[in-house]
Amino acid sequence: MGIIGGGQLGMMLTEAANKMPEHISKVIVLDPNRNCSASLVGAEQIIADFKDKDAIINLSKQVDIITYEIESGNSDVLKSVENNAEINPSPETLKIIQDKFLQKTFLENNSIPVSEFIKIDNIEELKQGLKKFGYPALLKARRDAYDGKGNFKIDSENKIQQAYDYFKDQKLMLEKFVPFKMEVSVIASRNTKGEIKTYPLVENIHEKNILRQTIAPARTSNEVSQKAEKIATDIMDVLKGAGVFGIEMFVTQDDEIVINEIAPRVHNSGHHTLQSGKTSQFEQHLRAILGLDLGDTKLIYNTIMYNILGNLDFEGEYKKLELSEKNIFLKMYQKKISKPLRKLGHLNIVGTDAQTIDELLLELEKIKNKIKIESI
Ligand code: AMP
C-alpha cells in the first residue's frame, strides 16, 4: 500500500496496516520530510513533495493500492496512475472535496444542508456578497487550507480590502457566518462494495482554529446525534468514494445541522477510536479501501481526546513526556522538533462505565500541567 503523506495520520495508518499482514505486506509513504512519523513505525519512504509527479508515478509502480492522509494531493496525477494502482478514495472524489467551492456546490446539489456561499472572483463580487450575507462572513481560500489558515472573518466594511489582499492570487469563496452553539463531527466510512458505517457524533473544541479537544460522545440530545449521523450517511451515499471521511458540522442555536466541510481521510476528531471502541478509524479506513467488511463503530467507552501542541514561544528539541495513569493513553508522533502549535501527539482519557464526561473533563484539567512541552 502506498500513502501520500507520512505524518501522524500516515503513521497511525501504517500501525494499523502492520496489524493486518495477511492483507498488507508493506507500506510505502511519500513525504518530503526525512524520517517522517510513518517511516519511524515501519513504512518505507520516498522523499519527495506530495505533488511530485515522478514520485507519484514511481510509488504507483511499487504498490497495488494508494491512499492519502492529506487532501492537497494532485488529483490529475493520481488519476493518470490508476492503471498502475487502485486509488482510494478515487481521484474524482478527491477533486470535488479538495476545492471547498466545488465541495459545497456538490453538497447543495444533493440537498445536504450547508451555509450560504458564493464564488468570489474579484473585490466587487466580495462587496456584493457581503451585502447579501451581512457581517460577519468568512472569506475562504478554495484550496490547500487547513487548521483555519485559509479563512478570514470579515466583521465590518473596513476589513474588506485587508481580507481580499490577505489571499493574494488564490481562488476564493465567501460564506455566511453560522452562529453555531457547538462544533461536531462524524467519522464516516464507505467500503468499495458500498457498505456504509458511521461512528457516533463527537464534539470538537478548537483553539486558535486548531482542534484542541474531542469529546466522545458529543453532549447533544439523541435526536441531534441521530440527525447528524443520518446526514453523514447521506453524504457517503452520494459521494461514492471508498475510505474513511471526517465530516465537520455545526449545531445551530435551534439544533439544526449544517455541514462545514469534509476531509477525504482519517481525521483528528477520530483519534478517540484508537481506544473508545472495537475498530479504530485507521483500521476502518484500510478495511474500506480493501473492500473488507467494515468493523463495529459502537462507542464502548466515553473518551476525551486532547491534542498535544507545540508551545507558541518555543522551537526545538523537547523532553519526552510520560504519564502513568492507567486510563490515559498517550500517543506521541515522534517528531523531533517542536514548533508553535505543531501537532506533536495526543492523549485519550478513557472512561469506565460509570464515569461521566464531566468527570473525564475534570481529570483532563488535573493532568494538563504534566503535559507541557519543554526544551531539552
Ligand atoms: P475551516 O478551515 O473552513 O474548517 O474553518 C475553521 C473554523 O472556522 C471552523 O472550525 C469554525 O470554527 C470556523 N468556521 C468556518 N466556517 C464557518 C462559518 N460558515 N460560520 C462560522 N464559523 C465558521
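Order of listing sets the numbers, starting from 1, for every ligand and every atom in it. Residues take their numbers from the sequence shown, with the count starting at 1. Both backbone and side-chain heavy atoms feed into the values below; hydrogens, waters and symmetry mates do not.
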Q: Record the part of Leu138 in heavy-atom contact with ligand 1 below 4.0 Å; permitted values are side chain, backbone, both and neither.
A: side chain

Q: Counting each atom of ligand 1 from 1 as listed, which ones have a heavy atom of Lys140 under 4.0 Å away?
A: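 Reading through ligand 1 atom by atom, the close ones are 3 (O), 15 (C), 16 (N).
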
Q: Using a distance-only test with no angle check, is there a side-chain donor-acceptor pair under 3.5 angstrom linking Thr303 and Asn348?
A: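 No, no side-chain donor-acceptor contact under 3.5 Å.
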
Q: What verdict does the side-chain hydrogen bond (donor to acceptor under 3.5 Å, both in side chains) test give for Asn327 and Glu363, after you've listed the backbone C-alpha separation in whole Å, the side-chain angles of each residue and the deciding distance to 0.1 Å?
A: CA-CA 10 Å; Asn327 64 328; Glu363 213 174 320; 2.9 Å; yes

Q: Does a donor on one side chain sit under 3.5 Å from an acceptor on the other, for Gln226 and Asn222?
A: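 The answer is no; no qualifying pair exists.
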
Q: Check ligand 1 against Glu248 and write out every atom of the ligand that is under 4.0 Å from a heavy-atom position of the residue.
A: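 In order of number, 4 (O).
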
Q: State the atoms of ligand 1, each with its element, that fall below the 4.0 Å cut-off from a heavy-atom position in Phe180.
A: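 The list of qualifying atoms is 12 (O), 21 (C), 22 (N).
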
Q: Salt bridge check: are Lys104 and Glu175 linked by an N-O gap of less than 4.0 Å?
A: yes

Q: Can you name the atoms of ligand 1, numbered from 1 with element, that are less than 4.0 Å from a heavy atom of Lys100?
A: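 Counting from 1, the qualifying ligand atoms are 1 (P), 2 (O), 3 (O).
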
Q: Can you list everything that forms a side-chain contact (heavy atoms from CB on, under 4.5 Å) with Glu229? Sequence neighbours excluded, please.
A: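 If we apply the side-chain contact (heavy atoms from CB on, under 4.5 Å) test to Glu229, skipping adjacent residues, the hits are Val186, Thr198, Pro200, Leu201, Ser225.
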
Q: Going by heavy atoms in the side chains, are Phe245 and Leu239 under 4.5 Å from each other?
A: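 Side chain of Phe245 against side chain of Leu239, heavy atoms only: contact under 4.5 Å found.
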
Q: For ligand 1, does Asn204 get within less than 4.0 Å through its side chain, its backbone, both, or neither, judged by non-hydrogen atoms?
A: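 Looking at Asn204 and ligand 1, no heavy atom falls under 4.0 Å.
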
Q: Specify side chain, backbone, both or neither for Lys176, according to which of its non-hydrogen atoms lie closer than 4.0 Å to ligand 1.
A: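 For Lys176, only backbone atoms sit under 4.0 Å from ligand 1.
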
Q: Which atoms of ligand 1 are found less than 4.0 Å from any heavy atom of Glu183?
A: 9 (C), 10 (O), 11 (C), 12 (O)

Q: What residues, two or more places apart in sequence or in another chain, satisfy side-chain contact (heavy atoms from CB on, under 4.5 Å) together with Lys298?
A: Asp296

Q: So for ligand 1, is Val178 a polar contact partner (N or O within less than 3.5 Å, distance only)?
A: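 Val178 vs ligand 1: N/O contact under 3.5 Å present.
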
Q: Less than 4.5 Å apart, side chain to side chain, heavy atoms only: is that true for Lys208 and Leu312?
A: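 Side chain of Lys208 against side chain of Leu312, heavy atoms only: contact under 4.5 Å found.
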
Q: If you measure from each heavy atom of Lys153 to ligand 1, is any distance below 4.0 Å?
A: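 No; Lys153 lies far enough from ligand 1 that no heavy-atom distance drops under 4.0 Å.
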
Q: Check ligand 1 against Asn151 and write out every atom of the ligand that is under 4.0 Å from a heavy-atom position of the residue.
A: 1 (P), 2 (O), 3 (O), 5 (O), 6 (C), 8 (O), 15 (C)

